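Reading through the structure tokens given below for one structure.
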Number of protein chains: 2
Amino acid sequence: MANRRASITDLAKALGLSPSTISRALSNHDDVSEATKVRVRQLADELHYQPNQLAAALRRGRSNTLGVLVPHITGHFFPQVVHGIATEAAKQGFNVMICQSNEDTRQEQKNIDLLMNSQVEGILVSLANSTHDFSHFEAVRQQNIPLVFFDREVEDFQGSNVSSVLFDDYHGAYQAVTHLIEQGCVRIAHFRGPLHLNIHKNRLQGYRDALTDHHLPIDEALIVLCEMTPKGGGQAMRQLLKLSRRPDAVFSANDLAAVGAMQVAKAHRLRVPTDIAFIGFSNELFTTFTEPMLSSVDQRCDQMGKTAVQLLQKMLKGGPNRVGPPKPIVLKPKLLVRESSQRK
Amino acid sequence: MANRRASITDLAKALGLSPSTISRALSNHDDVSEATKVRVRQLADELHYQPNQLAAALRRGRSNTLGVLVPHITGHFFPQVVHGIATEAAKQGFNVMICQSNEDTRQEQKNIDLLMNSQVEGILVSLANSTHDFSHFEAVRQQNIPLVFFDREVEDFQGSNVSSVLFDDYHGAYQAVTHLIEQGCVRIAHFRGPLHLNIHKNRLQGYRDALTDHHLPIDEALIVLCEMTPKGGGQAMRQLLKLSRRPDAVFSANDLAAVGAMQVAKAHRLRVPTDIAFIGFSNELFTTFTEPMLSSVDQRCDQMGKTAVQLLQKMLKGGPNRVGPPKPIVLKPKLLVRESSQRK
DNA sequence: ATGAAAGCGCTAACAT
DNA sequence: ATGTTAGCGCTTTCAT
């Protein structure tokens with residue numbers, strides 16, 4: 001049978017004190033005598049007293065909870081970011097409520113509502129792919145609840161309590177391709193994803209600019225739209241191998257496709273990296289399990305989560321007298337050179 | 001400026017009605033006139049009224065929130081399970097609060113406390129590796145808060161509102177080892193984890209029984225306690241290779257250790273699977289990227305999350321007149337045979 | 001150093 | 001069909 005939980009009132013009655021004193025004692029308030037504190041704590045322990053956060057939050061007007069809204073918690077990236085968020089939030093004393101939009105705008109709206117109703121003190125969002133209408137974020141802005149977009153951002157959505165944490169995809173791609181050039185590669189192919197996503201647009205642009213800046217021609221036949229899976233990468237690779245002049249390197253917009261391509265290349269008796277070098281993107285766990293190990297651009301996903309929470313925290317503390325929103329934070333990528341691209 | 005949010009009281013005053021009527025209208029209660037409902041909804045929309053869940057939860061004594069406690073949200077397994085949980089919980093109209101223990105018992109205790117304080121209606125837990133002392137779950141049991149252990153369970157922790165969703169590790173291991181025997185392996189090693197975790201105990205027992213049932217001797221020297229990482233697996237492998245009679249197969253309690261071991265074996269010029277075969281456990285994404293591809297036992301992780309929530313839901317609905325706790329649910333494994341164990 | 005009292009926003013039993 | 005009242009458990013101002 002569910003014993004009703006001991007409340008402050010219960011403690012008060014049992015000790016012949018007032019609820020206010022109990023409350024103060026439990027929160028270690030200065031002007032409660034040490035003796036009383038001891039008595040209170042002891043009884044609280046004995047009765048397994050559990051403070052009711054709901055009540056405290058309601059009274060204080062502060063829920064101590066952050067809301068997180070991600071497209072989903074699968075794959076590599078989002079779990080990692082969520083991990084970073086949860087860890088940092090815990091460190092700062094916040095609870096975390098997590099919702100998934102399943103890449104669906106309607107669910108995103110519903111979840112934003114839900115988070116607001118739950119009186120979260122701030123919201124961290126990565127947009128659903130399909131989201132073009134941003135009216136549901138209006139409410140957040142109006143209530144002046146701090147809002148941080150990460151990875152996927154709403155463009156032109158300004159506000160004094162709105163900011164973002166992004167990843168410099170352009171620079172990551174640029175670094176990767178430059179490294180390939182330095183290794184002596186001259187026909188570098190690129191596997192790209194759909195360009196309505198900024199990440200793919202930027203990675204492609206980084207690729208182009210790196211080539212141009214190093215006086216290499218851009219051959220559109222070497223830029224292949226492919227599904228970002230091992231299978232997709234494999235198909236793209238086969239397509240490239242049919243060219244009269246095959247590429248001597250592949251920079252893929254993700255690791256999965258790179259691995260698939262590498263497998264196909266090896267099946268065609270090409271030596272990696274001597275005949276053809278590979279670089280992926282995201283530094284997935286498995287990149288060190290392939291043979292040769294796959295070079296990749298590391299995104300520091302947990303760093304992104306951590307940074308996002310810190311940014312939010314800054315807004316919460318900033319108060320109303322802060323001038324303007326905190327600047328968006330752009331995380332720098334790091335190229336990890338492994339065997340698949342190391343020719344020298 | 002943070003406009004104070006409109007409350008029910010505000011709506012009541014503005015419309016010249018009582019708060020109770022507003023409350024009833026908003027929750028579409030039967031005995032409010034349609035006309036009133038319309039008026040109320042309209043004004044609510046206009047003022048962007050957001051119900052305060054905190055207050056409602058406090059009043060109702062029901063928070064509409066489930067607590068989730070996992071060792072971490074990284075790797076393959078836990079994100080997948082959490083995804084299953086979050087999805088199913090959303091479907092059932094629950095919010096989800098997520099905590100990580102970081103495999104640390106003290107944090108686990110703190111998080112359980114936190115969840116209880118947050119008045120969650122039920123808790124889903126996968127234990128930290130290091131947890132030997134279960135006193136923190138006593139409180140949960142005493143408060144009669146439904147508790148579901150998944151994947152990692154506390155043995156001998158019974159209660160009318162305690163249950164679990166497990167994976168049939170024994171059977172998975174048994175299948176894996178039987179398969180190795182059928183491939184002609186006769187000296188099969190096992191990498192095991194710490195045995196206070198049932199998953200490892202059961203995997204070990206499945207290993208033993210499969211050998212015995214097929215009339216193979218059990219050589220304790222072939223059973224190695226190792227850290228479940230590539231590095232740990234590598235070390236264990238080196239240890240095995242020093243034996244006068246090395247093993248001709250390894251069944252590892254997880255994929256990471258298997259991969260590490262496989263790399264070491266290959267570095268020693270052993271051919272996989274001809275000289276030595278490998279099977280891992282969990283069917284991580286990267287198992288298809290290794291060379292040769294790693295055979296593994298698939299756990300259907302998202303199914304586990306979904307099932308766990310459904311079980312919890314059953315307890316919540318069951319009420320106090322239910323007889324005994326719901327039976328633990330055991331999910332069946334599936335052996336995926338890939339190159340690393342396929343000799344014929 | 002402690003107590004009395006009010007109220008956070010909501011709901012539900014009990015009126016009318 | 002609507003209103004009155006009380007209270008969920010806690011914190012905090014204002015006494016004393």
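Just so we're on the same page: letters track the sequence lines, and every chain starts at 1. Not measured: the values here are computed from a predicted model. Just so you know, these numbers use all the heavy atoms, side chains as well, and skip hydrogens, waters and symmetry mates.
- Here B:S33 lies in heavy-atom contact (under 4.0 Å) with sugar-phosphate atoms only.
- Salt-bridge formation is not detected for the pair B:R41/B:E46: no Lys NZ or Arg NE/NH1/NH2 atom is positioned less than 4.0 Å from an Asp or Glu carboxylate oxygen.
- The separation between A:R60 atom CZ and D:dT12 atom P is 6 Å, rounded to whole Å.
- Taking the six-membered ring wherever Trp is involved, the centroid distance between the rings of A:F167 and A:F77 does not fall below 6.0 Å.
- Counting non-hydrogen atoms under 4.0 angstrom, A:L58 reaches a base of the nucleic acid.
- Taking CD from A:Q143 and CG from A:N161, the interatomic distance works out to 12.0 Å, rounded to the nearest 0.5 Å.
- Contact annotation for A:S27: no contact, since no heavy-atom pair falls under 4.0 Å across all strands.
- Residue B:R62 contributes atom CZ, which lies 16 Å from atom P of D:dG9 at whole-angstrom precision.
- As judged by a 4.0 angstrom heavy-atom cut-off over every strand, B:S7 is placed among residues touching the sugar-phosphate backbone only.
- Rounded to whole Å, atom P of C:dG3 lies 10 Å from atom CG of A:L15.
- A side chain to side chain contact (heavy atoms under 4.5 Å, CB included) with A:L15 holds for exactly one of A:T36, A:I22, A:D10; it is A:I22.
- Among the nucleotides D:dC14, C:dC10, C:dA1, the one closest to the side chain of A:R24 is D:dC14.
- Within the nucleic acid shown, A:N52 comes within 4.0 Å of sugar-phosphate atoms alone, with no base atom in reach, counting heavy atoms only.
- Rounded to an integer number of Å, the gap from B:L54 CG to C:dC8 C1' is 10 Å.
- In this structure, B:T21 reaches the D:dG3 phosphate: one of its side-chain N or O atoms is under 4.0 Å from OP1 or OP2.
- Rounded to an integer number of Å, the gap from A:D30 CG to C:dT2 C1' is 15 Å.
- Ion pairing between B:R152 and B:E103 holds under the 4.0 Å rule for side-chain N and carboxylate O.
- B:L17 comes within 4.0 angstrom of the backbone, heavy atoms only, and of no base.
- In this structure, CD1 of A:I22 is placed 10 Å from P of C:dT2, rounded to the nearest angstrom.
- Evaluation of atom-type donor-acceptor distances gives a pair under 3.5 Å for the side chain of A:S20 against the base of C:dA4.
- Residue B:Y49 places at least one side-chain N or O under 4.0 Å from the OP1 or OP2 atom of C:dC10.
- A:N28 places its CG atom 15 Å from the C1' atom of C:dA1, with the value rounded to the nearest Å.
- Comparing B:R59 and B:T36 against DNA chain D, the residue whose closest nucleotide sits nearer the 5' end is B:T36.
- The separation between B:Q53 atom CD and C:dT11 atom C1' is 14 Å, rounded to whole Å.
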